[in-house]
Structure formats: C-alpha cells, structure tokens
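Here the structure comes first, spelled out in structure tokens, and everything after it is commentary.
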2 protein chains.
Amino acid sequence: MKKNTTKYAVLGLLTIEPLSGYEIKKMIQNSLAYFWSESNGQLYPTLNQLLKENWIVLSDNQSTSKKKSNRYEITEAGRVKLQKWMCQEEEEKSIHRDENLLKLFFGSNISKKECIQRLKNRKKRLQEKLKEYQAIENKLRKDSTSPHFIYWLLTVNCGVCGVQAAINWCRNSIITLEKAQRDEISK
Amino acid sequence: MKKNTTKYAVLGLLTIEPLSGYEIKKMIQNSLAYFWSESNGQLYPTLNQLLKENWIVLSDNQSTSKKKSNRYEITEAGRVKLQKWMCQEEEEKSIHRDENLLKLFFGSNISKKECIQRLKNRKKRLQEKLKEYQAIENKLRKDSTSPHFIYWLLTVNCGVCGVQAAINWCRNSIITLEKAQRDEISK
DNA sequence: CAGCTCATGTAAGGCGTTACATGATTGG
DNA sequence: CCAATCATGTAACGCCTTACATGAGCTG
C-alpha cells in the first residue's frame, strides 16, 4: 500500500488558511523546504483528487488578485481524515536509502585522502545548512503568539539537531580517518 | 536526471567478493539494512543491465551449492565507474520528505496530549533502533582486521549518532510540550 | 513427498520529478 | 508592448515496491 503523503501535506496546510495550489506551492518552498517538497505534477492532480473525495472544496471568497485562481478550503471530512492520519503510528522505517552512507561503506575502493576530502566537503555543506535552519528558527521566534508556534519551532529544531549531529559525526569521522592515514604512512 | 543508485550498491558489494543476486539481497538485509534496501524487482533487472554494460561479468567459479546461481564479478570498467561515482560531490539534498515532521508541523490540529503520546512512542521506537545499531557496532568491532572495518564502523556510527540525536530531540520536545500543556490548564 | 530455503525473475502500479504547455495579469 | 510573475495543468519517464510465478535442491 502506498501513502500519497501529498494529500496530507495539502490538507494540513489548508487547516492554516484557505489557499490556492500556487500558494500551497509557495508556502512549501518558503516554510517547509527543509523537510518537505512538492512538484506541480504531484500537487495539482492531488488537489483535484481531494475535491472528488470531498475533503476540500472550492472557496467562494475569491482570491485577492483578479486572476483566476482556485482557492480551496478544507472540509470537516478532510479535517477528520487529517487527524486520523496524524494519530496513526508509523513504524520507524530506517531511512531507506542514504547515498552518502553507501559511498562511505565502500570507502576502501578509494584513497583515505579522497574519503577525508568528501567528508570535509560534506561537513561544510552541513554547516551552511545549519545556518539556514538557524535563520528559520530565529525568524520563527519573532511570532511566538501563533497557535502553530510551538510545533513549528519543534519541527525546525529537529532539523537543527539532526544537522548538528551530522556535523559532529563528520568531525569525528575525519579525525578517525586522518589518524588511520597517519598510521598507514608510518608503517 | 535520475541516478539508479542500485547499480552502485551492487558494484560496491561486488568489490568485496563475487556474489549472486540472491547473496547480494541477503547481504543487504543482513549488513546494510539500516541505511539501504533493495527489492527483487530492482535488483535482478539491474544485474542484467550491469552485464550488458560490461561493468560486471558472470564468474566462472561456480557457487558452493549445486544449484544454478549466477555469481557475478566486477570488471575493471565497473571498478572505474564505481570510483567515479564515489568521488562525485552530491549537494546536500534536504531529506525530501519526512512524514514525522510533517505530522508535527500540523500539531495544532490535535491535542497536546496526543502529540506528546506520539513523541513518546517515537522515542521508544528510536531507543529500540539504537540498541539494534549498537549491537551491529559491537559485532563489527570483533573483526577489526578487515580493510573495510574502519568504513563499516564509521557507517554504523553515523546511524548511532543520528538516532541518539533524534532521541534527545524527542526528549526535549516532550518536555517542551508538557510544559505548554501545564500552562494551558493553569490558565 | 511435503515443505523449506535457495534462486531468479516478471508484471502492475504508485509515487514523484522534470519539462513542457498555456494563458492571464502586472509593472516598467 | 514586453517581460516577469501568477496560475494551472499534462505527458513522459524513472524509480521502487509488492506480489506473484517458477523451479531446483534439501531435509525430515
């Protein structure tokens, strides 16, 4: 059984406020980018699917601009559906495919020097990512009155913690490999 | 452009030793399960594809058992291909879709109590996972002479660090939510 | 000989992305 | 009026999983 998680992402966003497809896309890019993404090819068909299932409806208050834009509202049925999904346990699926780890696992096929360089680059990228996340966190903290505040903060905090852990692991791994490299040479 | 990472997983495993499709599958299940998986529907077609591209060949030393089993060896071209892939930079794709975070993000749609319960369950699952990873780590440490040893240890260590970070985040998040819950009631 | 594991595959179908197509409106 | 942005979609394709199909050998 497949999930079609796009459905729930859309439903969730519509509990915040009525939105058009285009606005949903923007919102995901601006606020959820660090843990979620949607493509047009997924989003628009899903919206029509949700309509058919009566989990969302076309909002009658038209959009601010004069353009044709379909603004959607979540229905009561949609809310129930979303809540049910949110309360479902999901087993901890071990991140099914981590390409970085796969490469590391086969490290003996390239030189230690090369491996170390890869890790250093990775660490650098992660540090940039960390800055981004912290910027999001700081921006969030400025509007602590929203009912969503606490959840959004926890969400971005998860990203921060994860990246920090990855950076630490990179640092330690680099040290380990550098030590091994020195041992190799001295022999 | 898509990657077909299965190719590289197979090539990598064949640098360790010649293997049949079935053995590759077992190996992934037994040793790489915490960061990689393959299904038959992906594995066998990929093997034939690799054959056609001359990155692997049928090994002539037949398998231990008398059954028909196609054991494969990596070719020099295959090795080059693998090494090239390993030295390629990949941009840090922010884990494109994290369902747990998506649920948390929409937390205001359900009760704090429910959210806390979800997090507690998640933490428990993560702790079990941590034990598994540590068991793998301990098993690995017993054969420290292998040339793969250092890489395999680093790989599993990455898993351990990630899970530990996630557990800590869960713990802190639970505390934060419980505090918010108390504040709600006392008002 | 029944049932297990070994062993290799195929078919169907969902998920998801990329790239393209199409227009309307707005701003310079 | 030209370009950019707003706005909605579709077509094609790749990845990946699930489920099934098939058959050989092995074990009691």
Side-chain angles (χ1 to χ4, degrees), chain A residues 1-10 13 18-30 32-33 35-53 56 58-59 62-72 85 90-91 93-99 102, chain B residues 1-10 13 18-30 32-33 35-53 56 58-59 62-72 85 90-91 93-99 102:
Chain A
M1 293 287 146
K2 293 306 176 62
K3 303 221 146 190
N4 198 354
T5 43
T6 298
K7 274 188 192 178
Y8 298 104
V10 169
L13 285 173
L19 294 165
S20 68
Y22 191 82
E23 289 169 321
I24 289 171
K25 188 90 189 295
K26 286 279 151 196
M27 213 157 165
I28 290 174
Q29 277 169 0
N30 295 336
L32 281 66
F35 73 92
W36 206 260
S37 75
E38 290 294 345
S39 57
N40 284 354
Q42 195 76 352
L43 180 56
Y44 285 101
T46 298
L47 279 169
N48 287 319
Q49 219 175 312
L50 289 172
L51 264 183
K52 234 189 291 177
E53 290 171 300
I56 62 174
L58 268 165
S59 169
Q62 63 245 46
S63 72
T64 44
S65 66
K66 278 158 231 149
K67 293 169 215 160
K68 69 150 183 168
S69 80
N70 308 328
R71 186 157 288 181
Y72 299 97
W85 169 73
E90 38 184 320
E91 44 244 274
K93 49 184 166 202
S94 28
I95 320 127
H96 249 17
R97 288 158 156 248
D98 186 323
E99 212 173 315
L102 190 65
Chain B
M1 293 286 146
K2 292 305 174 65
K3 304 222 143 187
N4 197 355
T5 44
T6 298
K7 275 188 191 177
Y8 299 105
V10 170
L13 286 173
L19 294 165
S20 68
Y22 190 82
E23 288 168 321
I24 289 172
K25 188 90 191 293
K26 285 280 152 197
M27 213 157 166
I28 289 174
Q29 277 169 358
N30 295 335
L32 280 67
F35 73 93
W36 206 260
S37 75
E38 291 293 346
S39 57
N40 285 355
Q42 195 78 351
L43 179 57
Y44 286 102
T46 298
L47 280 169
N48 287 320
Q49 221 175 311
L50 289 172
L51 264 184
K52 234 188 292 176
E53 291 171 300
I56 63 175
L58 269 166
S59 169
Q62 63 245 47
S63 72
T64 44
S65 67
K66 278 158 231 150
K67 292 170 216 161
K68 70 150 184 173
S69 80
N70 308 327
R71 185 157 289 181
Y72 299 98
W85 169 75
E90 39 184 319
E91 45 243 271
K93 49 185 164 199
S94 29
I95 322 127
H96 248 18
R97 288 157 157 250
D98 185 323
E99 212 173 315
L102 190 65

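Below, each value reflects all heavy atoms present in this structure, side chains not excepted, and no hydrogens, waters or symmetry copies. What you see is a predicted model; the values in this text were computed from it and never measured. Proteins come first, then strands; the chains are lettered A, B, ... in the order of their sequence lines, and each starts at number 1.
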Tell me: [atom1] of [X] to [atom2] of [N], nearest whole Å?
{"X": "B:M27", "N": "C:dC6", "atom1": "CE", "atom2": "P", "answer": "16 Å"}
{"X": "A:Y22", "N": "C:dT22", "atom1": "OH", "atom2": "C1'", "answer": "15 Å"}
{"X": "A:R71", "N": "D:dC6", "atom1": "CZ", "atom2": "P", "answer": "13 Å"}
{"X": "A:Q49", "N": "D:dT10", "atom1": "CD", "atom2": "C1'", "answer": "15 Å"}
{"X": "B:L43", "N": "C:dA7", "atom1": "CG", "atom2": "P", "answer": "13 Å"}
{"X": "A:W36", "N": "C:dG16", "atom1": "CH2", "atom2": "C1'", "answer": "11 Å"}
{"X": "A:L19", "N": "D:dA7", "atom1": "CG", "atom2": "P", "answer": "11 Å"}
{"X": "A:I24", "N": "D:dA7", "atom1": "CD1", "atom2": "P", "answer": "12 Å"}

Item to check | Taking every non-hydrogen atom, the tightest pair across A:I28 and A:W36 | outcome: CG2-O, 3.7 Å
Checklist outcome for this item: Rounded to the nearest 0.5 Å, the CG atom of A:L19 sits from the CD1 atom of A:I24 at a distance of 5.5 Å
Next on the checklist: Working to the nearest 0.5 angstrom, can you tell me the gap between A:L32 CG and A:E38 CD?
Outcome noted: 9.5 Å
Next on the checklist: Side chain of A:T6 only, heavy atoms from C-beta on: which candidate in D:dC16, C:dC6, C:dG16 is closest?
Outcome noted: C:dG16
Next on the checklist: Between B:Q42 (side chain only) and B:S39 (backbone N and O only), is there a donor and an acceptor less than 3.5 Å apart?
Outcome noted: no
Atom pairs under 3.5 Å: protein N/O with N/O of nucleotides 9-12 of chain C:
unit_1: C:dG9; atom_1: O6; unit_2: B:N40; atom_2: ND2; d: 3.4

Item to check | Counterpart residues, side chain to side chain donor-acceptor pair (under 3.5 Å), relative to B:N48 (two or more places apart) | outcome: none
Checklist entry - Closer than 4.0 Å, any side-chain N/O of A:S37 to the OP1 or OP2 of C:dT17? => result yes
Next on the checklist: Under the rule for side-chain contact (heavy atoms from CB on, under 4.5 Å), what residues qualify as partners of B:S37, not counting sequence neighbours?
Outcome noted: A:H96, A:R97
